[in-house]
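Working notes, structure below.
The figures here come from the full heavy-atom set of this structure, side chains too, leaving out hydrogens, waters and symmetry mates. Letters A, B, ... mirror the listed sequences (proteins, then strands); counts begin at 1. Keep in mind that what you see is a predicted model, and the values were worked out from it rather than measured.
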Amino acid sequence: MAADFSKPYDPKEVENRTYQAWLKAGYFNPDKLKTKGKPYTIVIPPPNVTGSLHMGHALNATIQDILIRKKRMEGRRALWIPGTDHAGIATQNVVEKSLRKEGIFRHELGREKFLEKVWEWKEKYGNIILDQLKKLGASCDWSRTRFTMDPEYQKIVAETFAHYFKKGWIYRKERVISWCYRCRTSLSDLELEYQETKGNLWFIKYPLAETTGHMVVATTRPETMLGDSAVAVHPKDERYANLVGQFIILPLQNRKIPIIADRKIEKEFGTGAVKVTPAHDMLDAEIGADHNLAIYKIIGPDGKMTKEAGSLFEGLKIEECRKKVVEELKRQNLIEKVEEYSHNISTCYRCHTLIEPMPSLQWFLKMDGLAPRASAAVSGKKVVFHPDRWKKVYLSWLKNVKDWTISRQIWWGHRLPVWFCANAKNKSPDQELFTVSSRKPKQCPFCQNCEMLQSEEVLDTWFSSALWPFATLQYDARDFKKFYPTQTLSTARDIINLWVARMVFSSLEFTKKIPFKDVIIHATILTKDGQRMSKSLGTGIDPINLINLYGADATRFGLIWQAMKNQDMHWAEESLLAGKKFLNKIWNASRFVLERVEKSGLKTAANPKFPSNKLTGADTKILKKLEFAVQNTDKNIEKYNFGQALHDLYDFFWHDFCDTYLEAAKKQLEDPKLKLQTQKILLHILTTSLKLLHPFIPFVTEEVWSALPIAQKQMLIIESWPKKR
RNA sequence: GCGCGGUUAGCUCAGUGGUAGAGCAUUCGCUUGACGUGCGAAGGGUCAUAGGUUCGAAUCCUAUACCGCGCACCA
């Protein structure tokens, strides 16, 4: 169907119709392309099925689509794999929240019923997300749509876990970890967010045991004193040199605890003497381990004080307990002073509840074998960040990385492929009899006759995301062979470590190859005021609203128009308006050309030759500019300078072609000697421009293309990319 | 505390050693047959501040300020 130029450009109608035409033609699937070119693969960063897509996703999808479309036009077998991520804690939380509105509580439903609800949610939002991508014009191969909890994917996850375990790199241990008592699960250090908080620094007197007098310790968390098992000072702190080795009577608990020396203590902070709570502080846990101190778990997984906190405090919430402890200490005149103090507290990145460090039996993945390889891939330029500076973020994390806490105590996610002997249930947890296997063992290796129970725990959602580039291709061995490794990954800066680094080491471990060559870190979209776009703040913009208002092409244009190499971009809707106007310009310029050209001598879309001795000054100039535009666009896309490429194309098409050449052409067309050649040049500039613009604004270009009077025409989406001379 | 960005026209951003640019907004003029979602023209910036290098700096260097981000600390 040819475009109808008697009407103004109607993006909605054209976009729907054109997308259907592409789908029908099957060009999104590289297997259906006639080309035998080298494969070019991109895997989409799978959006979380927590909800619909935001502007950042739209920008990212546009970037990937530009690359895929260009490569497809270059004759590569371009494959863009779409999909979504189950996003463990995040999705569990939103479903829980939505159920609560109906008065339903997760624990009342039970695991199985609750998971049914989550799957319903996933079905709904997963599809919304994929529809949004389609509306935007994303040329993904939908026949290869993946989800991180597909049966095939689950199998791969289980196998990787078993592989690591067999290698001795996954282990189970009780250790002080970060615990979110609202989500009721452990978290890794990357899942913490720090918030600057104003609080107090309490100076508490701890009476000496053997002699009169006391030591003063400073703390921001007085309630944790209930779990203290020592007071520590720096070994070279002369103020306390004579006290080291003596004992303190811990107030409220009436416990005799030692005064120890440890180099981790800073003399300058507070009084230089620190209370040590090995159960509820990371640093104290280390000190406790080094000095073999007792561990008192005074806070439970529910965020309430335990029996060990003492009868006065048991059952209180942390904040309540803090008040009460302070009251008690005041009553006993043990508070020397209180200072105002502002510090960072860690919170859960999904619900922003205060994180409580506590000892917990968890599964860990050792990093000392994996991290150096991931570092080497980037420092050896096998994997390259764009812009380059982001490699610092990546490398510095890997340099100091701690073992990865991979188990989570939630319901939604990949169950650990760990099997417990049901008959050994009464053993204490660390003596439990278990075996690791990607499939349920037929027979219990311990008692030979029980039905083995699978672990209730699930994996950190990022454990499965880390396998994405190869797991998505391993559903079919031929795909993996053909399309892996992928070429380019485009993503946001906040998941460089959470996701990118982990994909690199996982891929190196399981495929012996890097998962991708280039990593594009695109700008983060902020509101005009510099706020983060977020639904809860009401500052977010739904790309679908923009698509309805301006069309997908204009939305893509607006996003890319602003996508320079900054790390942030302040959202300016005007750029979409600029896009809309530009589409109109293309539409009308095309109408002009087509009206004047009608039956020209052009038979193919390939580069025609123009004898230079017959060209007018205007002809020569525009052809030269066109040649530059071809080179420049190609170069800018290859260097991932998408915004620059679009600005230059805009300038070329509007000002060089429309404002200048079209005006000159009007006169030339009246001259019989120049007419035919001018027609040819007009058509040539238009066809080449449409090709160059297609990756950015695919719909309008395809629509205009359909009207070109060229024989042997294919759809623009698979036409050849203009060649550099 | 360490590191990374940013600071250029009213707004959003390019420019990156040699007389300041774009889009949007503003003002003025155009019912010329592709387009008024347009055309032509105009106004508007001591390029954050202070030093330095240079014949010459918005552009390089060094500080400082403010905004943002990350890491560490967070007793």
Side-chain angles (χ1 to χ4, degrees), chain A residues 5 8-9 189-190 192-197 199 201-204 217-222 224-225 228 231-233 262 264-266 268-277 280-284 287 341-346 355 357 387-394 396-397 399-400 493-494 496-497 523-524 526-532 550 554 557-558 561-596 641 643-644 646-648 650-651 654-655 657-659 662-663 665-666 682 686:
Chain A
F5 284 103
Y9 182 61
D189 23 331
L190 288 179
L192 309 183
E193 263 176 25
Y194 299 97
Q195 281 175 10
E196 174 97 21
T197 313
L201 193 58
W202 281 271
F203 289 78
I204 307 173
V217 298
T219 180
T220 54
R221 300 195 55 194
T224 60
M225 67 158 293
D228 282 1
V231 169
V233 298
D262 195 292
K264 293 189 189 75
I265 308 301
E266 275 182 42
E268 288 73 29
F269 189 90
T271 59
V274 179
K275 54 192 274 323
V276 181
T277 321
H280 299 288
D281 182 280
M282 297 289 181
L283 187 70
D284 290 6
I287 296 173
Y341 186 67
S342 139
H343 64 306
N344 287 319
I345 55 165
S346 37
I355 287 302
D388 181 61
R389 66 182 124 91
W390 292 110
K391 74 179 177 199
K392 275 198 166 183
V393 173
Y394 173 101
S396 69
W397 178 67
K399 200 175 167 192
N400 306 308
R493 64 164 183 264
D494 48 339
I496 289 174
N497 296 141
T524 301
L526 305 175
T527 66
K528 227 166 200 174
D529 315 325
Q531 277 182 294
R532 238 200 160 79
Y550 299 95
F557 179 100
W561 188 254
Q562 299 177 70
M564 293 311 203
K565 40 193 172 182
N566 275 345
Q567 65 183 46
D568 297 319
M569 72 191 222
H570 290 196
W571 181 246
E573 196 155 320
E574 302 89 281
S575 61
L576 274 73
L577 192 68
K580 206 181 167 195
K581 288 184 178 181
F582 185 50
L583 302 187
N584 184 252
K585 192 73 180 173
I586 293 172
W587 186 251
N588 286 305
S590 303
R591 164 164 44 210
F592 172 85
V593 172
L594 293 171
E595 275 171 3
R596 303 310 161 95
N641 295 331
Q644 193 59 52
L646 185 58
H647 276 263
D648 292 348
Y650 175 96
D651 196 52
W654 198 306
H655 301 300
F657 183 47
C658 295
D659 291 352
L662 246 48
E663 294 309 318
K666 283 175 186 172
L682 282 171
L686 180 62

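Contact annotation for K275(A): backbone-only contact, meaning every heavy-atom pair under 4.0 Å involves sugar-phosphate atoms and none involves a base. Counting any heavy atom pair closer than 4.0 Å across all strands shown, W571(A) reaches no nucleic acid atom. Residue-level contact check: W654(A) touches the backbone only, with heavy atoms under 4.0 Å from sugar-phosphate atoms and none from bases. Within 4.0 Å of Q195(A), counting heavy atoms only, lies no atom of the nucleic acid at all. Contacts of D659(A) with the nucleic acid, taken as non-hydrogen atoms under 4.0 Å apart, involve only primed sugar atoms and P, OP1 or OP2. Using a 4.0 Å heavy-atom distance criterion, K565(A) is classed as a sugar-phosphate-only contact. Nucleic acid contact class of K580(A) (heavy atoms, under 4.0 Å, all strands): base. Backbone-only contact: A578(A) has heavy atoms under 4.0 Å from sugar-phosphate atoms and none from a base. Within the 4.0 angstrom heavy-atom criterion, no nucleotide atom of any strand lies near L594(A). Within the nucleic acid shown, N566(A) comes within 4.0 Å of sugar-phosphate atoms alone, with no base atom in reach, counting heavy atoms only. Among the protein residues, E573(A) comes within range of no part of the nucleic acid, since none of its heavy atoms lies under 4.0 Å from any strand. As judged by a 4.0 angstrom heavy-atom cut-off over every strand, Y194(A) is placed among the base-contacting residues. Contacts of Q567(A) with the nucleic acid, taken as non-hydrogen atoms under 4.0 Å apart, include base atoms.
The phosphate of rA34(B) has OP1 or OP2 within less than 4.0 Å of a side-chain N or O from K666(A). Not one side-chain nitrogen or oxygen of K585(A) sits closer than 4.0 Å to the OP1 or OP2 atom of rG36(B). Neither OP1 nor OP2 of rC69(B) sits under 4.0 Å from any side-chain N or O of R493(A).
Rounded to whole Å, the separation between the P atoms of rU62(B) and rG3(B) comes to 12 Å. Comparing the C1' positions of rG10(B) and rG40(B) gives an interatomic distance of 23 Å, to the nearest angstrom. Atom name P, nucleotides rU54(B) and rC11(B): the rounded distance is 37 Å, in whole Å. The gap from the P atom of rU19(B) to that of rC47(B) amounts to 16 Å, rounded to the nearest Å. Separation of the P atoms belonging to rG44(B) and rA22(B) is 14 Å when rounded to the nearest angstrom. As rounded to the nearest Å, rG36(B) and rU31(B) have C1' atoms that lie 9 Å from one another. Separating the P atom of rU59(B) from that of rG6(B) is a span of 13 Å, rounded to the nearest Å. Here the separation of rC69(B) from rA75(B), taken at their P atoms, is 22 Å to the nearest Å.
Atom CG of L646(A) and atom P of rA22(B) are 17 Å apart (whole Å). Distance CD (E574(A)) to C1' (rU37(B)): 15 Å, rounded to an integer number of Å. With rounding to whole Å, N584(A) atom CG is found 8 Å from rG38(B) atom C1'. Following rounding to the nearest Å, L283(A) (CG) and rA72(B) (C1') show an atom-to-atom distance of 13 Å. To the nearest angstrom, P of rA22(B) lies 18 Å from CG of L577(A). Between the NZ atom of K528(A) and the P atom of rC24(B) there is a distance of 13 Å, rounded to whole Å. Residue E663(A) contributes atom CD, which lies 11 Å from atom P of rC35(B) at whole-angstrom precision. The interatomic distance linking N497(A) (CG) with rC71(B) (C1') rounds to 10 Å, in whole Å.
The side chain of K581(A) lies closest to rG38(B) when the candidates are rA75(B), rC69(B), rG38(B). Of the candidate nucleotides rC35(B), rG68(B), rG23(B), rG23(B) has the atom nearest to the side chain of Y650(A). Of all nucleotides listed (rA14(B), rU12(B), rA34(B)), rA14(B) comes nearest to the side chain of M564(A). Of the candidate nucleotides rA34(B), rA14(B), rU12(B), rA14(B) has the atom nearest to the side chain of Q644(A). When distances run from any side-chain atom of L662(A) to the nucleotides rA14(B), rG23(B), rA34(B), the shortest one goes to rA34(B). If you check rC4(B), rC35(B), rC13(B) against the side chain of K392(A), the one that comes closest is rC4(B).
Annotation: cation-pi pair K581(A)/F557(A) absent, no NZ/CZ under 6.0 Å from the ring centroid and within 45° of its normal.
Positionally, the nearest nucleotide of RNA chain B for H647(A) lies more toward the 5' end than for the other of I265(A) and H647(A). Sequence order on RNA chain B of the closest nucleotides to S396(A) and A218(A) puts S396(A) first from the 5' end.
A distance-only check finds a donor-acceptor pair linking the side chain of H647(A) to the backbone of W561(A) [under 3.5 Å]. No donor-acceptor distance shorter than 3.5 angstrom exists from the side chain of S590(A) to the backbone of N588(A), with no hydrogens or angles considered. Panel note: side chain H280(A), backbone P357(A); a donor-acceptor pair is recorded below 3.5 Å. Here the side chain of E266(A) pairs no donor or acceptor atom with the backbone of G272(A) at under 3.5 angstrom.
Nucleotide rA75(B): unpaired (no Watson-Crick or G-U wobble partner with both distances less than 3.5 Å). Nucleotide rA63(B) forms a Watson-Crick or G-U wobble pair with rU49(B), both donor-acceptor distances falling under 3.5 Å. When Watson-Crick and G-U wobble pairs are counted only if both distances are under 3.5 Å, rC4(B) pairs with rG68(B). Pairing for rG29(B) goes to rC39(B), judged as Watson-Crick or G-U wobble with the two contacts each under 3.5 Å. The nucleotide rA14(B) finds no pairing partner, because no Watson-Crick or G-U wobble arrangement with both distances shorter than 3.5 Å includes it.
The aromatic rings of W654(A) and F582(A) lie parallel to each other, their planes meeting at an angle below 30°, with 60° marking the opposite boundary. F5(A) and W587(A) have tilted rings, their planes meeting at an angle from 30° to 60° on a 0 to 90° scale.
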- Task: Take E196(A) and S342(A) through the test side chain to side chain donor-acceptor pair (under 3.5 Å) and record every step on the way to the result.
- Result: CA-CA 7 Å; E196(A) 174 97 21; S342(A) 139; 2.5 Å; yes
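A salt bridge does not link K275(A) with D281(A): none of the charged nitrogens is closer than 4.0 Å to a carboxylate oxygen.
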